[in-house]
2 protein chains.
Amino acid sequence: MTTIRDVARAAGVSIATVSRVFNGNPRVGEDTALRVWDAAGELDYWPNGAARSLTTSRTQTLGVLLPDLYGDFFSEVIRGIDQAARRAHFQILLSSSHADPIEIVAAARAMRGRVDGLIIMASDRGTAEAVLGFLGRQPLVFLNPYLDPDGCSAVSIDNRAGGRSAVEHLIALGHRVIATVRGPEGNIDAEERLGGYRDALAGAGLSASPQLELPGDFTETAGFRAVSGLLAAVPRPTAVFAANDAMAAGLLGGLRDAGVAVPGEMAVVGFDDIGVARCLTPPLTSVRVDVCELGRRAVQLLLETVGPDGPAPCRREVLPARLVLRESCGCRSRTELPVLARGAGDSGERDRI
Amino acid sequence: MTTIRDVARAAGVSIATVSRVFNGNPRVGEDTALRVWDAAGELDYWPNGAARSLTTSRTQTLGVLLPDLYGDFFSEVIRGIDQAARRAHFQILLSSSHADPIEIVAAARAMRGRVDGLIIMASDRGTAEAVLGFLGRQPLVFLNPYLDPDGCSAVSIDNRAGGRSAVEHLIALGHRVIATVRGPEGNIDAEERLGGYRDALAGAGLSASPQLELPGDFTETAGFRAVSGLLAAVPRPTAVFAANDAMAAGLLGGLRDAGVAVPGEMAVVGFDDIGVARCLTPPLTSVRVDVCELGRRAVQLLLETVGPDGPAPCRREVLPARLVLRESCGCRSRTELPVLARGAGDSGERDRI
DNA sequence: TTGTAAGCGTTATCAA
DNA sequence: TTGATAACGCTTACAA
């Protein structure tokens with residue numbers, strides 16, 4: 001491994017000068033700088049990150065701790081984080097698939113001295129508490145709706161409003177018995193979405209009922225499995241709100257297999273608006289959230305905190321969630337909005353399309 | 001920030017002793033060790049990673065460089081890498097969404113001194129070449145079918161065989177005019193899958209034709225858009241092989257909107273077997289690949305290389321791709337295999353279910 | 001069993 | 001504009 005010393009020797013200067021050149025210090029002679037760049041190129045030298053961060057006590061790295069997350073949601077968060085971090089010349093140290101507080105705290109501890117700050121998504125309240133307790137005072141942004149307002153910053157999605165708008169729409173369409181498929185027990189986002197569902201029912205004077213709140217875990221299979229409970233409920237629901245699109249997709253599959261017409265006999269609404277939502281049959285009405293932006297904002301907030309201006313005051317941001325109407329809720333006929341045309345019109349909203 | 005010195009002072013020992021305790025060195029008195037742990041706990045001390053890696057010249061970190069990747073594929077690769085890395089007490093420094101060789105090489109360079117090795121997925125051959133050229137001799141595993149057999153290790157999916165088996169199945173079902181929707185231009189996996197398609201046609205004495213090889217970019221929208229070309233081809237194809245499931249989903253959506261019966265008038269096969277494949281209408285026949293395992297194997301190979309036994313010989317591994325039959329290819333009627341039952345039976349093969 | 005001290009590859013503070 | 005040199009926080013011979 002070539003070090004700064006090798007370059008200094010080759011260029012006939014001191015290591016201080018080489019360091020200056022690589023840090024863009026203007027007080028270096030032009031020809032000297034050129035000699036240094038040449039030597040460095042020749043020797044294929046690049047400053048050692050560990051050594052650099054030891055002296056500067058800045059790592060240019062953000063730690064990212066995520067729970068056990070699947071599919072599009074995960075990739076989009078990371079994409080957003082990665083984009084924003086790279087733009088600011090930060091790297092990201094990732095640790096995902098954490099099941100419990102112990103694991104996530106251990107992972108955070110192992111990042112000591114390697115990161116300038118942490119972005120943490122706690123799957124449930126217990127984890128969030130544990131993290132706050134153990135991690136004391138280091139720059140930290142939660143990817144959660146939550147918490148002690150002045151403990152740290154947080155960005156979240158307006159899950160509650162999103163869930164409410166979905167169910168309110170179903171109510172506006174005339175549905176009176178509306179079921180939901182819940183996310184994992186204890187999951188904060190899932191709880192908020194459920195809260196939105198209940199809010200909407202309460203707002204319309206409809207009563208909630210345990211038999212209408214079917215268990216789920218965010219997987220397609222959970223959606224499939226929920227179908228039997230859905231059809232067994234008395235009175236039988238005419239609409240169902242799934243806490244995410246994977247489960248909504250499972251519902252659509254299961255309902256098709258059971259011979260139940262959607263939206264005729266059962267309206268379905270999902271949450272997340274994943275890419276395949278409009279490819280399902282019928283195209284899935286869902287609540288769109290900009291998960292990528294969620295990641296970007298988290299980085300933004302964290303960089304404000306670790307920035308040169310010293311610790312900025314904590315902030316909380318909530319990103320909107322917007323209902324996207326398609327055919328699975330029965331609000332529009334297919335002929336009104338051919339999918340091909342819609343795909344084109346949507347393109348500005350979804351960068352992957 | 002508390003350092004080893006603070007702990008030494010508090011415990012009344014030298015810094016060497018503290019270091020020994022934290023490194024599990026057995027030559028430390030039992031009571032001394034206890035005092036050190038106490039002091040460390042009290043002061044909330046944990047060794048600084050940067051400093052540690054500077055002395056040991058080991059970072060316990062793996063660099064991961066990925067191209068612009070979407071959805072389930074991305075999350076699963078990371079999941080696999082993360083799992084295997086954590087098990088070996090390694091962290092991962094991630095940089096994704098790289099569009100071109102310049103970017104990926106720059107990102108790799110910025111990781112100097114911060115990682116013990118690199119896992120790189122090059123989207124196209126140009127990138128792979130560039131990486132090999134610039135990164136010279138540091139432990140490196142490609143997540144690609146590829147390359148200079150003794151330059152470095154590589155793990156890949158048997159895209160070619162997977163594509164071939166999908167198309168051979170269509171041929172066995174009697175289809176004679178079979179189209180494909182290609183992945184992004186230059187993408188290695190996409191090219192291999194296309195190669196498999198062509199192999200199968202050639203093997204059956206069927207002729208390939210440019211008008212049957214529709215352009216695509218791995219997005220649902222590309223699938224939607226491919227429908228018009230598909231239906232315009234003369235003679236009209238009776239089956240289509242999509243280079244990934246997102247595009248296959250788009251095809252299903254587009255064909256439904258166009259009023260073309262699947263599989264009756266058009267059989268459809270995808271690639272990847274993403275979670276929602278069986279929720280589509282009709283359930284999508286696809287080629288299953290264990291993407292998570294791909295990530296795990298990459299870590300395994302890399303750890304062999306950076307391991308204490310010195311640089312192991314380079315290895316190449318190819319993971320199998322297996323056709324999963326569902327209804328979109330018309331090979332089975334729905335009543336034969338109710339989806340609910342299949343979901344249960346499949347559970348051993350797919351950990352998320 | 002414990003302590004002293006020499007690095008590891010940088011940056012940054014002095015002088016020159 | 002440059003060069004010595006002292007940190008940075010840790011590991012690890014080598015001594016005691």
Side-chain angles (χ1 to χ4, degrees), chain A residues 1-37 39-40 43-61 89 91 109-116 138 308, chain B residues 1-37 39-40 43-61 89 91 109-116 138 308:
Chain A
M1 184 200 205
T2 50
T3 76
I4 199 172
R5 241 166 277 274
D6 301 319
V7 179
R9 197 176 310 122
V13 298
S14 73
I15 61 167
T17 299
V18 177
S19 175
R20 287 191 192 98
V21 169
F22 268 84
N23 288 289
N25 187 321
R27 280 120 75 123
V28 175
E30 213 168 289
D31 47 338
T32 319
L34 228 60
R35 279 214 315 286
V36 169
W37 281 124
L43 295 165
D44 190 29
Y45 166 79
W46 195 260
N48 179 306
R52 194 197 280 241
S53 62
L54 190 56
T55 43
T56 58
S57 65
R58 309 202 75 246
T59 61
Q60 294 293 114
T61 304
H89 299 291
Q91 303 200 285
R109 192 161 40 205
M111 289 184 174
R112 284 269 183 94
R114 293 187 180 285
V115 299
D116 293 333
Q138 72 179 294
Chain B
M1 183 201 206
T2 51
T3 76
I4 200 172
R5 239 166 279 274
D6 301 320
V7 179
R9 199 175 310 123
V13 297
S14 74
I15 60 167
T17 299
V18 177
S19 174
R20 288 191 191 100
V21 170
F22 269 83
N23 288 291
N25 187 319
R27 282 118 77 119
V28 176
E30 213 169 290
D31 47 337
T32 320
L34 228 61
R35 278 214 314 285
V36 169
W37 281 123
L43 295 165
D44 190 29
Y45 168 76
W46 196 259
N48 179 305
R52 190 193 280 232
S53 61
L54 192 55
T55 45
T56 58
S57 65
R58 310 202 74 243
T59 61
Q60 294 294 114
T61 304
H89 299 290
Q91 304 199 284
R109 191 160 43 201
M111 289 184 173
R112 284 270 182 93
R114 293 186 180 286
V115 299
D116 293 334
Q138 70 180 296

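Side chains are part of it too, since the values below use all heavy atoms of this structure and drop only hydrogens, waters and symmetry mates. Chain identifiers are assigned alphabetically (A, B, ...) following the order of the sequence lines, protein sequences preceding nucleic acid strands; residue numbering begins at 1 within each chain. Computed from a predicted model, the values in this text were never measured in an experiment.
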*Do A:Val18 and A:Arg5 have side chains that get closer than 4.5 Å, going by heavy atoms?*
no
* Report yes if at least one side-chain N or O of A:Arg27 is closer than 4.0 Å to OP1 or OP2 of D:dT1; otherwise report no. => no
Here the distance between atom P of D:dA4 and atom CZ of A:Arg5, to the nearest Å, is 12 Å
With the side chain defined as heavy atoms from C-beta on, B:Ser14 is closest, among D:dG9, C:dG3, D:dT11, to C:dG3
Taking C:dA5, D:dA4, C:dG9 as options, the one with an atom nearest any side-chain atom of A:Asn48 is C:dG9
Review point. Below 6.0 angstrom between ring centroids: does that apply to B:Trp37 and B:Phe22?
Key: yes
When B:Val13 and A:Thr55 are each assigned the nearest nucleotide of DNA chain C, the 5'-most assignment goes to B:Val13
query: Can A:Asp44 and B:Arg112 be counted as an ion pair, charged N to O under 4.0 angstrom?
result: yes
Quiz item: Is there a donor-acceptor pair closer than 3.5 Å between any side-chain N or O of A:Thr59 and the backbone N or O of A:Ser53?
Solution: no
note: B:Leu54, atom CG; D:dT12, atom C1'; distance rounded to Å ~ 14 Å
Handout entry: Phosphate OP1/OP2 of C:dT11 contacted by A:Ser19 side-chain N/O (<4.0 Å)
Key = yes
Does C:dT11 have OP1 or OP2 sitting under 4.0 Å from an N or O in the side chain of A:Asn23?
yes
Taken to the nearest whole Å, CZ/B:Arg52 to C1'/D:dC10 is 8 Å
Atom CD1 of A:Ile4 and atom C1' of C:dA12 are separated, to the nearest Å, by 12 Å
Problem set entry | A:Asn23 side chain to A:Arg20 backbone, donor-acceptor under 3.5 Å | no
Residue pair B:Val28/B:Thr56 against DNA chain C: nearer the 5' end by closest nucleotide is B:Val28
Review point. Is there a donor N/O on one and an acceptor N/O on the other, under 3.5 Å, for the side chain of B:Arg20 and the base of C:dG3?
Key: yes
From CZ of B:Phe22 across to P of D:dT12 the rounded distance in Å is 15 Å
When rounded to whole Å, the CZ to P distance for the pair A:Arg58 and D:dC8 reads 18 Å
Whole-Å distance, A:Met1 CE to C:dG9 P, equals 7 Å
Whether A:Thr17 contacts D:dG3 is assessed here as follows: a side-chain N or O lying under 4.0 Å from the phosphate OP1 or OP2. Is that the case?
yes
Using a cut-off of less than 4.0 Å, is there contact between a side-chain N or O of A:Thr32 and OP1 or OP2 of D:dT2? yes
Separation of D:dT2 atom P from A:Leu34 atom CG, nearest Å, is 12 Å
